[in-house]
Protein chains: 2
Amino acid sequence: MKKQVNPKELDVLLRAAEVACAENGARLTQRRRQVLSELMQSSSPLSAYEVLDLCNRSTTSTMPPMSVYRILDFLEQQQLVHKLSSSSKYVACAHIACDHKHFQKTHFLLCDGCSSVEEVDATEEASEALEQMAKTVGFKLTTQQFELSGICTACQDSAGEGL
Amino acid sequence: MKKQVNPKELDVLLRAAEVACAENGARLTQRRRQVLSELMQSSSPLSAYEVLDLCNRSTTSTMPPMSVYRILDFLEQQQLVHKLSSSSKYVACAHIACDHKHFQKTHFLLCDGCSSVEEVDATEEASEALEQMAKTVGFKLTTQQFELSGICTACQDSAGEGL
DNA sequence: GCGTTAAAGATACAATATATCATATTACGA
DNA sequence: TCGTAATATGATATATTGTATCTTTAACGC
Ligand SMILES: [Zn+2]
Ligand SMILES: [Zn+2]
Ligand SMILES: [Zn+2]
Ligand SMILES: [Zn+2]
């Protein structure tokens, strides 16, 4: 579903993304901007083919699947987009316009109800507890990204209202 | 890769699986047994098609993909097999022959080096820390399964030996 | 402008997963 | 034991997701 992002806000995000790319010596081309823009305007993660359809719907030209995958890979490298491996879907980073860096491990909270996603940094406690747990079987964790399911506030509330 | 499971041990596991099914009013048919057996003998998670190939290699008859998916779904319901959503692969439950129940949330530790998997119950600390973290953004966790990557003991050791 | 590099397009195909209908096997009561 | 319903599997087609590879286009540095 479409998220409510006003054009002004969207533009700020895209400009920030452009700057972020430039800082890495990369370019946010038209196509890349288009893909990123669709993800930014979505309230839920999108599959590569969903992104593709949206892009092809919003312009006359048609992009091949290969391009979308390439572009999503690029955007992921730039940390402008994250790939949710549990669903093979993509989501725009929640920190494009702020000065947040991905220093901490990132947790994605996926709502079972409305498919919304929250991107949050791992707490010290969570990181510690997980590492400790892994240690009991000799594992040294490398994961930088965790995906958890749950029910968001809005869905918890609406569930109470009966239907 | 093939895991070292002696035939005796394998048989014990399969019998236990049979009993577990019976307790649920289900049957461990030949095909289901075959699929489960392949997973039990694998040292790493297998995709549905990998299971399919192994099955078709070990018998004259050929099974269609559909059957494998159906059987994997069945085995997953019986909790004899777990599906790793991050890789769309399947792994035999580590607790088929013991009296373990899946009461706690389960963590799967996936080795980046050798692809082995460890199935461990969540610690109280980890569960608590994750729930607490989710709570800060209003989420109520529902996930029963977590998938973490890391390096297993064996791979940590062999990494030290130089190559 | 011209050669070099990066990006995008085009085409083909591989890998993964599901829908649907037909057939076979099993369970179970008459 | 036979008939029937329920369960499980087979067969076929197709949808979905993801890559390989080669060509063309656009950007950049000189
Ligand atoms: Zn991010
Ligand atoms: Zn929700
Ligand atoms: Zn298990
Ligand atoms: Zn290992």
Practice task
Using a cut-off of strictly less than 4.0 Å, decide whether B:T29 has a side-chain nitrogen or oxygen near OP1 or OP2 of D:dT9.
Solution key: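 Looking at the OP1 and OP2 atoms of D:dT9, one of them is under 4.0 Å from a side-chain N or O of B:T29.
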Problem - Phosphate OP1/OP2 of D:dA27: any A:R27 side-chain N/O under 4.0 Å - result: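 A:R27 to D:dA27 OP1/OP2: no side-chain N or O under 4.0 Å.
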Practice task
Report which part of the nucleic acid A:R70 touches: base, sugar-phosphate, or nothing (heavy-atom distance under 4.0 Å, all strands).
Solution key: base
Problem - Pair B:K140 + B:E131: basic N to acidic O under 4.0 Å - result: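 No, this pair does not count.
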Completion exercise
Exactly one candidate in A:K101, A:H107, A:H100, A:K105 meets side chain to side chain contact (heavy atoms under 4.5 Å, CB included) with A:D121; the answer is A:H100
In whole angstroms, how far is the [atom2] atom of [N] from the [atom1] atom of [X]?
X	N	atom1	atom2	result
B:R33	D:dT9	CZ	P	13 Å
A:E76	D:dG18	CD	C1'	14 Å
A:Q78	C:dA7	CD	C1'	14 Å
A:Y69	D:dT17	OH	P	7 Å
A:I71	D:dT19	CD1	C1'	16 Å
A:Q34	C:dA8	CD	P	10 Å
B:L28	D:dT7	CG	P	17 Å
A:L72	C:dA7	CG	C1'	15 Å

Problem - Under 3.5 Å donor-acceptor, B:T59 side chain and B:S61 backbone - result: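 Yes.
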Practice task
Please figure out whether A:K89 or B:R32 has its closest DNA chain D nucleotide nearer the 5' end.
Solution key: B:R32
Problem - DNA chain C-proximal residues of residues 41-68 of chain B, any heavy atom under 4.0 Å - result: B:Y49, B:M66
Problem - Minimum-distance nucleotide (side-chain atoms of B:S88 versus D:dT19, D:dG10, C:dA17) - result: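 The answer is C:dA17, which lies nearest to the side chain.
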Completion exercise
Closest to the side chain of A:R31, out of C:dT26, C:dA8, C:dT16, is C:dA8
Exercise for the section: Search all heavy atoms of A:A17 against all heavy atoms of A:L28 and return the closest pair with its distance. Expected result: CB-CD2, 4.0 Å
Problem - For the student: nearest non-hydrogen atoms of A:A97 and A:L13, plus distance - result: CB-CD2, 3.6 Å
Practice task
Determine whether B:T106 and B:Q144 make a side-chain contact, defined as any pair of heavy atoms from C-beta on separated by less than 4.5 Å.
Solution key: no
Handout entry: Inter-residue atom distance B:T29.OG1 - B:F74.CZ, 0.5 Å rounding
Key =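 Answer for the OG1-CZ pair, B:T29 versus B:F74, is 7.0 Å.
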